[in-house]
Amino acid sequence: MKHYGITTILAMLFVAGAVAGAEAETPAGTTLTVEVVHGTADGAPVAGDELVVQVYQPEQLVSSFETQIDANGIGVLEDVPTGQHMRAVARVKHQNMVFTSRPVALLPSLNAVSASVQVFDVSEDASQLSVGTHHVTIALSASALTCSEYMQLTNPSDKAIKGSERDARGRQIVVKVMLPEGFTELSATGYLEQGALVLTESGFYDILAVPPGQYDLTFSYKLPLDSKTQNIVKEITLPTEDLTVFWEGAPGKLEGLGEPEGRLVNAQGTSVQYFHQNGLKPGEKIAFRITGVEIDRSDTQTWLVLAVVFGAVLLVVIFRLRRPAAPPSDR
């Protein structure tokens with residue numbers, strides 16, 4: 001009994017020590033101070049703007065906090081959890097538009113951390129948006145034309161632009177892009193967020209407001225190649241300073257844009273012709289055609305032959321099944 005009592009006491013001390021150690025290893029919360037920087041001259045006050053801070057570890061959302069920005073443009077949150085791989089992202093809603101901070105590390109060794117969010121007043125004057133450089137690259141493949149576009153979108157104002165036009169669901173149409181007829185497999189990268197794009201029969205539009213500055217829009221798509229001559233029409237939707245069309249489909253030819261400005265060789269060693277135009281206005285259409293291409297119909301022909309053969313075999317089977325049974329033999 002005496003040894004049993006000693007063992008019990010030691011076990012209790014061990015458990016108490018483990019609990020104390022666990023509490024010591026649990027990082028204390030930190031204080032996160034968010035400063036709002038107004039990017040619009042004489043902009044509307046930010047006092048009362050909604051502040052939301054979300055904590056991720058590393059990509060999974062762990063917790064979320066809300067408060068309001070005070071008259072000094074500051075929002076303070078207490079007891080924000082910390083960890084070696086935790087990050088906080090602050091979002092401020094100003095004039096019904098959300099502005100986001102850079103991720104902030106929430107290290108256990110920090111008792112206080114800070115973040116900064118730049119906000120802008122919002123304008124519906126989409127006429128201020130323009131495109132500086134616009135590249136359209138067209139490459140020839142066995143059964144399609146692969147097109148990729150790069151647009152340098154510019155907002156020279158000190159306000160975020162969301163546009164006044166709305167679609168049938170009430171969403172704001174901010175940047176509209178028209179694509180050639182018959183396009184398929186649209187894919188967007190860079191500034192464009194796939195989830196914020198609305199696809200239409202004639203192209204797509206973006207529903208996110210454009211903050212001040214320059215942004216790189218990149219997207220790609222395919223055009224059908226069903227004849228030796230393919231007509232392409234590209235409509236301009238924003239004032240465009242400099243448009244260059246690159247053709248990577250030799251021995252086929254791109255016609256309708258005049259003589260090529262020159263030639264170059266891309267990283268794959270393919271010869272590329274380029275055609276240049278500038279000073280384009282919304283509503284203008286760039287029309288050209290691809291000629292002299294050889295269409296690879298091998299797959300189509302193979303399936304056609306297989307279909308004919310299968311059909312013939314099927315007819316034979318049906319014919320045999322429908323023949324009357326032979327009379328029994330007298331032997």
Side-chain angles (χ1 to χ4, degrees), residues 123-141 143-155 160-211 214-227 229-249 254-257 274-290:
S123 169
E124 293 188 350
D125 184 9
S127 66
Q128 298 184 75
L129 297 177
S130 65
V131 173
T133 300
H134 187 174
H135 290 168
V136 180
T137 302
I138 305 173
L140 178 64
S141 63
S143 58
L145 295 173
T146 301
C147 306
S148 58
E149 298 195 30
Y150 162 80
M151 299 172 62
Q152 185 186 62
L153 180 65
T154 301
N155 174 6
I161 296 177
K162 64 180 181 180
S164 58
E165 185 181 359
R166 294 181 180 271
D167 64 11
R169 295 176 54 183
R171 296 171 298 190
Q172 290 163 317
I173 301 175
V174 183
V175 176
K176 182 187 295 184
V177 176
M178 306 295 285
L179 299 179
E181 183 178 359
F183 78 93
T184 59
E185 299 182 38
L186 175 67
S187 177
T189 57
Y191 167 81
L192 295 173
E193 296 183 17
Q194 198 81 29
L197 301 183
V198 179
L199 197 64
T200 68
E201 291 184 356
S202 56
F204 66 89
Y205 56 86
D206 188 9
I207 61 175
L208 295 180
V210 181
Q214 288 187 339
Y215 304 93
D216 295 333
L217 281 62
T218 55
F219 50 93
S220 63
Y221 51 92
K222 289 186 177 181
L223 295 176
L225 190 59
D226 49 16
S227 66
T229 299
Q230 181 75 29
N231 294 307
I232 299 175
V233 178
K234 171 69 178 178
E235 182 176 345
I236 303 301
T237 55
L238 291 172
T240 301
E241 181 181 343
D242 182 17
L243 172 68
T244 304
V245 178
F246 297 90
W247 167 240
E248 299 182 358
L254 188 151
E255 300 177 349
L257 297 179
Y274 59 92
F275 306 80
H276 179 76
Q277 297 193 20
N278 55 24
L280 300 174
K281 299 178 180 179
E284 287 192 50
K285 295 182 179 180
I286 307 301
F288 53 93
R289 58 190 174 274
I290 306 299

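All heavy atoms count here, side chains included; hydrogens, waters and symmetry mates do not. Bear in mind the structure is a predicted one, so any value in this text is a computation, not a measurement.
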- Message: Which label fits Tyr191 and Tyr215: parallel for a plane angle under 30°, tilted from 30 to 60°, or perpendicular past 60°?
- Response: tilted
For a 4.5 angstrom cut-off between non-hydrogen side-chain atoms, does [X] reach [Y]?
X	Y	value
Val245	Leu254	yes
Ser130	Leu238	no
Ile290	Leu140	no
Glu124	Ile161	no
Leu208	Val174	no
Ile207	Ile173	no
Trp247	Thr137	no
Pro239	Pro282	yes

Pair up each side-chain donor or acceptor in residues 229-236 with any protein partner under 3.5 Å, not counting sequence neighbours, and list the distances.
{"from": "Gln230", "atom 1": "NE2", "to": "Pro224", "atom 2": "O", "distance (Å)": "3.4"}
{"from": "Lys234", "atom 1": "NZ", "to": "Glu149", "atom 2": "OE1", "distance (Å)": "3.0"}
{"from": "Lys234", "atom 1": "NZ", "to": "Glu149", "atom 2": "OE2", "distance (Å)": "3.0"}
{"from": "Lys234", "atom 1": "NZ", "to": "Met178", "atom 2": "O", "distance (Å)": "2.7"}

Minimum-distance pair of heavy atoms, taken over all atoms of [X] and [Y]:
X	Y	value
Thr146	Ser141	OG1-OG, 4.3 Å
Arg289	Gly256	NH1-CA, 4.4 Å
Ala188	Leu197	CB-CD1, 3.5 Å
Gly279	Glu284	O-OE2, 4.0 Å

[atom1]/[X] to [atom2]/[Y] distance, rounded to the nearest 0.5 angstrom?
X	Y	atom1	atom2	answer
Ser187	Gln194	OG	CD	5.5 Å
Thr133	Met151	OG1	CE	11.0 Å
Tyr221	Leu145	OH	CG	10.0 Å
Asp216	Gln152	CG	CD	6.5 Å
Thr237	Tyr205	OG1	OH	14.0 Å
Ile138	Leu223	CD1	CG	7.5 Å

Go through the side-chain N and O atoms of Asp125 and Ser123 and say whether any donor and acceptor fall under 3.5 Å apart. no
Note to self: Taking the ring centre of each residue, are Phe219 and Phe204 less than 6.0 Å apart?
What the structure shows: yes
Keeping the roles fixed (side chain from Thr240, backbone from Leu243), state whether a donor-acceptor pair exists under 3.5 Å. no
Could you tell me whether a side-chain N or O of Asn155 sits under 3.5 Å from a main-chain N or O of Val210, the two making a donor and an acceptor? yes
Quick one, Thr189 with Thr218, criterion side-chain hydrogen bond (donor to acceptor under 3.5 Å, both in side chains). Give me CA distance, side-chain angles, the key distance, then yes/no. CA-CA 5 Å; Thr189 57; Thr218 55; 2.6 Å; yes
The complete set of ring pair (Phe, Tyr, Trp, His ring centres under 6.0 Å) pairs with one or both residues in residues 164-186, sequence neighbours excluded, reads none
His135 and Phe246: side-chain contact (heavy atoms from CB on, under 4.5 Å), yes or no, with the steps? CA-CA 7 Å; His135 290 168; Phe246 297 90; 3.7 Å; yes
The single option from Gln277, His134, His276 that satisfies side chain to side chain donor-acceptor pair (under 3.5 Å) with Asp242 is His276
key: Exceeds 12 heavy-atom contacts within 6.0 angstrom, atom NZ of Lys176   = no
Exercise for the section: Determine whether more than 12 heavy atoms belonging to other residues, nucleotides or ligands lie under 6.0 Å from atom CD of Glu241. Expected result: no
